[in-house]
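The structure appears right after this line, and notes come after that.
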Amino acid sequence: MALRFYNTLSQRVEEFLPARDNTVRMYTCGPTVYDYAHIGNFRTFTFLDILRKWLRASGFRLDHVMNITDVDDKIIRNAVAQHKTLGDYTETYTKAFLEDCATLRLERAERLVRATAHIDDMVGAIERLGARDHTYTSDGSVYFRISTFPEYGKLSHNDFSGNLAGARVDVDEYEKADARDFALWKAPKEGEPFWPSAIGPGRPGWHIECSVMAIKYLGETLDIHAGGVDLIFPHHENEIAQSESLTGKPFARFWLHAEFLMVEGQKMSKSLGNYYTLRDLLDRGYQPEAIRYLLASAPYRKSLNFTFDGLKSSAIAIDRLRNFKLRLETDQYPEGVDEPLMARTAQASQAFSDSLDDDLNTAEALAAVFEYVRDANSAMDSGEFRAGNAAAALQFLGRFDSIFDVLRPTVASGEISDTEIDRRIAERTAAKKARNFALADQVRDQLLGQGIILEDTKSGVRWKRKSS
RNA sequence: GGCGCGGUAGCCAAGUGGUAAGGCAAAGGUCUGCAAAACCUUUAUUCGUCGGUUCGAUCCCGACCCGCGCCUCCA
């Protein structure tokens, strides 16, 4: 089945292929580094990670650019308040963001680009827009005049044609000709940092960085542009207006947007006390893999209800998969293959792919995996399972984990070593042989106290590190 | 008000015009020195409400109720 995505622009599911040379040129809106990122942010970034991995699994090469917005009103406000330079202030949160991404096993984009490293490019683009009469200057700030872009609203499917004439009362401190016009370049206010430039001193507006950096690195038409649904308007709409006014070409072929995350059935907000950063959850003892699993388990276009129950369920679900893998690796199977079981594995693998091909239906893909796990466990219990089946099952599990990436435990430093564990297990096995079950149980309990779970099986003892 | 998304078992959550995936939780059972793991059985005659189309609707249409997002910088 062919890969297809829901395209916000067309409001339909469309088959996806990159425009040229099998490389997907993708731009995604990264964080504004004024604070630690919260789990709502990571819902979107986890979706992007699954997207990346599935695109590669589908045989495409990736050229993915993600921006770091390191200049904006909040950053300036906080940096000024803390008597820090912009760079010093944003470095802290940029670093924190990259650490958080690593914790959640989110792949790094091929290129991470910072807005402040592209000021000249932005100024140049604003000048070119000015040369084509798309801009005007007011009080030293430069604005994009949206009445010069008739298609404005095509992404968010808003009809602005009736609103353009009568400008509303402006709540902004800046003077705009029309309420919908947006700033390309903002004149500095008292005490604010600014860049000198051919269009006067100031700093870039929010939207221009994405247009400029995307076009610079990926060309005039992207294959995919993605982000959270809240960016559809005005951010992405404005990007389209700028970019297409600049190039005369469609800015992006596919627009993908992740729905919002709820917390315990309510919207996440600081005032409700249900606002969590990744660090908050780790401090409470939740595993990164469980967080990743929960964020990835619902399809990206549905809002996801993030609950602490769900986090616990996710950890247990991961354990089920890890147990399965451990069993495949440690049990002894007779040589050969059972053909019906091979067919079952192939069928499950196909179902997994079909689900992800279908606009990244992760919930359905997981169902395919779990149904298979049950069937394979049954086959192992009944003795039908052969060595060849185990190899095929491990391969399928590997495919699953190359996308979901939750099977590898996050091991804390300072834990008991593998060799020490093996030594203790040998002790216990000897005790069991002597029918000294009291000693055997004592060893098992001691190991459990150190986070090691032992399991007696027909093929011998196997162990695993406790995950929750 | 405009645009968009959603309301499916105790919780999370897929899905299809033909009779409800999966995970977690709960109960019982098999296996086991005891555990653990695994497996089996049970748990929505029903998919927000009310109408309509249809031989048949959770899935299509209409109305209504509820929740969420965007509508000037929030993923």
Side-chain angles (χ1 to χ4, degrees), chain A residues 8 11 28-32 37-48 69 72-74 153 156-160 162-163 168 170-172 174 176 179-183 186 205-207 226-235 237-238 257-262 265-269 293-294 297-299 301-307 309-321 323-324 326-327 331 351 355 361-371 373-382 432 435 437-438 440-441 444-445 448 453-458 462-464:
Chain A
T8 305
Q11 298 183 294
T28 62
C29 293
T32 300
H38 56 70
I39 51 172
N41 296 312
F42 285 115
R43 199 270 161 111
T44 297
F45 294 128
T46 302
F47 145 63
L48 295 175
T69 301
D72 95 316
D73 291 350
K74 280 192 288 283
S156 56
H157 303 99
N158 280 313
D159 179 8
F160 293 109
N163 295 333
R168 291 187 302 182
D170 203 339
V171 294
D172 204 322
Y174 300 101
K176 293 187 281 188
R180 304 285 176 179
D181 291 347
F182 57 91
K186 295 184 173 187
W206 178 34
H207 316 294
V229 282
D230 55 327
L231 296 183
I232 295 172
F233 190 88
H235 186 50
E237 197 74 74
N238 290 351
H257 293 99
E259 259 298 337
F260 257 57
L261 170 141
M262 311 272 289
Q266 293 184 296
K267 59 179 166 181
M268 182 169 70
S269 75
Y293 180 99
L294 182 55
S297 62
R301 283 203 300 124
K302 301 249 188 171
S303 64
L304 177 143
N305 190 9
F306 190 95
T307 67
D309 262 4
L311 225 33
K312 289 182 202 123
S313 304
S314 296
I316 295 167
I318 292 169
D319 276 344
R320 178 165 164 78
L321 299 172
N323 287 334
F324 178 62
L326 190 64
R327 189 177 185 189
D331 275 9
S355 298
N361 191 336
T362 49
E364 209 171 71
L366 285 171
V369 172
F370 280 102
E371 282 178 82
V373 168
R374 189 190 56 227
D375 290 350
N377 270 321
S378 287
M380 286 188 245
D381 286 352
S382 68
K432 268 177 60 179
R435 300 197 70 76
F437 293 120
D441 288 351
R444 187 171 63 192
D445 290 348
L448 184 61
I453 297 167
L454 298 193
E455 294 174 8
D456 293 332
T457 74
K458 289 192 180 93
R462 68 181 171 217
W463 64 271
K464 62 189 178 188

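Quick note on labels: first sequence line is chain A, next is B, and so on, each numbered from 1. Here the structure is a predicted model, which is why all the values come from computation and not from measurement.
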How close or far is atom C1' of G67(B) from atom CE of Met268(A), stated in whole angstroms?
17 Å
Contact nearer the 5' end of RNA chain B, comparing Glu364(A) with Ile453(A):
Glu364(A)
Can you list everything that forms a side-chain contact (heavy atoms from CB on, under 4.5 Å) with Ser382(A)? Sequence neighbours excluded, please.
Glu384(A)
Short N/O separations, protein against nucleotides 37-41 of chain B, under 3.5 angstrom:
| unit_1 | atom_1 | unit_2 | atom_2 | d |
| --- | --- | --- | --- | --- |
| A37(B) | O3' | Asn323(A) | ND2 | 3.2 |
| A38(B) | O3' | Asn377(A) | ND2 | 3.1 |
| A38(B) | O2' | Arg327(A) | NH1 | 3.3 |
| A38(B) | O2' | Asp381(A) | OD1 | 3.2 |
| A38(B) | O2' | Asp381(A) | OD2 | 2.6 |
| C39(B) | OP1 | Arg320(A) | NH2 | 3.1 |
| C39(B) | OP1 | Asn377(A) | ND2 | 3.4 |
| C39(B) | OP2 | Arg320(A) | NH1 | 3.1 |
| C39(B) | O4' | Asp381(A) | OD2 | 2.9 |
| C39(B) | O3' | Ser378(A) | OG | 3.0 |

Euclidean distance, atom CG of residue Leu261(A) to atom C1' of C70(B) [Å, nearest integer]:
17 Å
Strictly under 3.5 Å: I want the nitrogen or oxygen pairs between protein and nucleotides 4-12 of chain B, one per line.
| unit_1 | atom_1 | unit_2 | atom_2 | d |
| --- | --- | --- | --- | --- |
| C12(B) | OP1 | Asn305(A) | ND2 | 3.2 |

Would you mind checking if Lys458(A) and Asp331(A) are paired as a salt bridge, meaning a charged N to carboxylate O distance below 4.0 Å?
no
N/O donor-acceptor pair, side chain Asp456(A) with base C34(B), under 3.5 angstrom
yes
Any-strand Watson-Crick or G-U partner of C11(B), both distances under 3.5 Å:
G23(B)
Given that both distances must come in under 3.5 Å, which nucleotide forms a Watson-Crick or G-U wobble pair with G51(B)?
C61(B)
Donor-acceptor pair (no angle test) under 3.5 Å: Asn361(A) side chain, G15(B) base:
no
Hey, does the side-chain of Arg444(A) have a donor or acceptor N/O within less than 3.5 Å of a partner on the base of A36(B)?
no
Does the base of C31(B) carry an N or O that pairs as donor and acceptor with the side chain of Lys458(A) under 3.5 Å?
no
